[in-house]
Number of protein chains: 2
Amino acid sequence: MKISGKAYRTIWPISENAVEVIDQTKLPHEFRTRTLKSASDCANAIRAMVVRGAPLIGAAAAYGIALAMREDPSDENLERAHDLLLETRPTAINLHWALKRMRDALRNQPRETRAALAWTEAAKLCDEDVETCRSIGEHGLKIFREAAAKKKPDETLNVLTHCNAGWLACVDWGTALAAVYMAHDEGIKLHVWVDETRPRNQGASLTAFELGSHGVPHTIIADNAGGLYMRQKKVDLCIVGTDRVTANGDVANKIGTYPKALAAADNRVPFYVALPSSTIDWTLKSGDAIPIEERSADELLKMTGRTPSGALATVEIAAPGSPAANPGFDVTPARLVTGFITERGLCEASKKGLRSLFPEV
Amino acid sequence: MKISGKAYRTIWPISENAVEVIDQTKLPHEFRTRTLKSASDCANAIRAMVVRGAPLIGAAAAYGIALAMREDPSDENLERAHDLLLETRPTAINLHWALKRMRDALRNQPRETRAALAWTEAAKLCDEDVETCRSIGEHGLKIFREAAAKKKPDETLNVLTHCNAGWLACVDWGTALAAVYMAHDEGIKLHVWVDETRPRNQGASLTAFELGSHGVPHTIIADNAGGLYMRQKKVDLCIVGTDRVTANGDVANKIGTYPKALAAADNRVPFYVALPSSTIDWTLKSGDAIPIEERSADELLKMTGRTPSGALATVEIAAPGSPAANPGFDVTPARLVTGFITERGLCEASKKGLRSLFPEV
């Protein structure tokens, strides 16, 4: 997608020994890229959320393995890089998926071929992610078309999203936002309510930035406001991404997704979850088993922004001395989800629904 | 209640022509008081949220009328001050109640007696608010005792609250937090999950400050986190205040209360609303008719806090150019409320429940 008219991906190779990423910790205040030259660079970037979003974490981890193979293509180093990258974030399953894919592609291969093989495989994984997101967008677009057809000609379709499931969370396009972009581009009159998404504000920072850059009408709201707007019939549909879907259709996603889904159900607002199939964890029977990442209290107690002079400053915002807790994700039970939007099409949020699209698993 | 060992109310007369208030826009960063000398000072303080919280808004408005009577005790000035103060905030009904009470007390009284009469009446209203909150606390305490009795001896009772319904929202004691203080003081082992309460962060700023000052164990969480914690059985009960309760038991309160009540209902966590009877709007049949205040987008787009040097700074936190919407309140339907805690005792959140406690209305 484009920033100031120039097409970008979130991650791209710049040489045989380095990849470049957009530094998402600086957005929306500054647009900067960062060069990653080793598996440890990649692990640090994932941990510090320089790159974030389940699909992009997977892509960055894949390049982490590829960079490790440039340094030392031994089995030992492959395992070391795999484990280092795996422990960066616990909730998103795409990380496991991407690392397993890389390891499977490299194991039993001659050491001298591994570096080139890994590089090709990581690039392929990224290209496939773009294709997958495009497909998700096209399937999601059907939902938008149907919803728009129910509105009067001069009415706007109001969509609510939580966190950032846009192109910045993936390699390109996005999951939930792919359909938003396609609907907007084909002339559907839509407007997006952007949940701020405390405590890291990925909505106000990244989703608003993305939508603004593409010219999609949107309004930032507090996470607290969506329930009221649904009661006031100001939301036609909700669409979010996910970090892990379990075999029964439960959805782990950014903290605050579950209360939003409850409000949608209470007001009969359709609630869709968009995901690549790499996000499905077939090994877990239900969402209760998903590990929930506990993040730093500072994310809640401090806030970074632009001062009137344009410089960045971090301020402490809470009562001094008060502790904070900061779980990063919650689990939305399948019963609250209207449907899944995957690269293979739409399905019910259930074991049966998932199996109907992915019978081979 | 006490701050640094010294007992305070939120509003108190300092002479025959002035009242002093705690400037709540500076908390928790600085403890400052401000002198209000006219009805217009009071109106500005309410509008700018120097004083906030439904009961305290009523108390400040009462003193606003009293200060107006010092300047000019005419009927015209009484009406002028009444209207000026009434239009400061639309959602809290205590404002209407307090202004009506003051006007009823002054009308048909000789002009030369009005200033003294108004001063006495405002002081009485404040004293009664303290008594009312104490009673609410004592009735709420029964719920805490029962909930604590169900825990094992070494277990902590976990209470979740949204926004600030503590003594800073009233003249003293608080509504929802009155019972928390009393339970803590009598040795019930409790811990409070404090919702940050975006966008003005009254939870992280005021509730955390209050609880910390009194030594009540607490943890600040993002508004998004309560749903997860309820699913994880980390919340035993929710208790909040309200700005207006309609005749059928619907509850207007700080934006974000409704999704929290939905999460409580979905997890069978009791959800209580504490209120003085002055918060009941007997004239409205349901919550849909309550006007919802729209506040400045800046509350969402900017954040004030302490820099490392200790100075206060305001930073812009969202994507530049993105608009924001900022509704201040939402409505929680009576069906989601376990019960009301009033100065006359506990009742069901329904017309029948309210009538059982207030048959004379």
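Here is the naming used below: chain letters follow the sequence lines, and residue numbers restart at 1 for every chain. For the numbers below, each heavy atom of this structure counts, side chains included, while hydrogens, waters and symmetry mates do not.
- Among P333(B), A325(B), G203(B), the residue making the largest number of heavy-atom pairs under 4.5 Å with chain A is A325(B).
- Note on G226(A), P323(A), A208(A), G328(A): by heavy-atom pairs under 4.5 Å with chain B, the leading option is P323(A).
- Although no hydrogens or angles enter the test, the distance criterion places no donor-acceptor pair under 3.5 Å between the side chain of R231(A) and the main chain of D288(B).
- Looking at T314(B), only its backbone comes within 4.5 Å of chain A, counting heavy atoms on both sides.
- A heavy-atom distance below 4.5 Å is not found between the side chains of P259(B) and K260(A).
- Of the atoms belonging to I292(B), it is side-chain heavy atoms, and not backbone ones, that fall under 4.5 Å from chain A.
- In this view, H191(B) and W193(B) satisfy the ring-ring contact (aromatic ring centres under 6.0 Å, His included) rule, not counting sequence neighbours.
- Between chain A and the residues G256(B), S205(B), P217(B), P199(B), the largest count of heavy-atom pairs under 4.5 Å involves G256(B).
- Of the listed residues (L211(A), T332(A), V194(A), L262(A)), the one with the most heavy-atom contacts under 4.5 Å to chain B is L262(A).
- Contact check on R335(B) versus D266(A) returns a salt bridge, with a Lys/Arg side-chain nitrogen under 4.0 Å from an Asp/Glu carboxylate oxygen.
- By number of non-hydrogen pairs under 4.5 angstrom with chain B, the leading residue of I221(A), V331(A), L300(A) is L300(A).
- Only the backbone of T304(A) comes within less than 4.5 Å of a heavy atom of chain B; no side-chain atom from C-beta onward does.
- The choice from E196(A), E299(A), K254(A), H162(A) that makes the most heavy-atom pairs within less than 4.5 Å of chain B is E196(A).
- With a 4.5 angstrom heavy-atom cutoff, Y258(A) touches chain B only via side-chain atoms.
- Considering all non-hydrogen atoms of both residues, A225(B) and P327(A) come closest at CB-CG, 3.9 Å.
- Only the backbone of F329(B) comes within less than 4.5 Å of a heavy atom in chain A; its side chain stays farther off.
- The most heavy-atom pairs under 4.5 Å with chain A, out of A265(B), P320(B), G212(B), G227(B), come from P320(B).
- Summarising the geometry of R306(B) relative to A318(A), their closest heavy-atom pair is NH1-O, 3.1 Å, with the distance given to 0.1 Å.
- Heavy atoms of E210(B) lying under 4.5 Å from chain A are absent altogether.
- Here M303(B) contributes atom CE and E316(A) contributes atom CD; the two are 13.0 Å apart, rounded to the nearest 0.5 Å.
- Among D223(B), D330(B), N224(B), the one residue that satisfies the side chain to side chain contact (heavy atoms under 4.5 Å, CB included) test with N224(A) is D223(B).
- In this structure, K189(A) places its NZ atom where more than 12 heavy-atom neighbours from other residues, nucleotides or ligands lie under 6.0 Å away.
- With a threshold of 4.5 angstrom between heavy atoms, L301(B) approaches chain A through side-chain atoms but not through N, CA, C or O.
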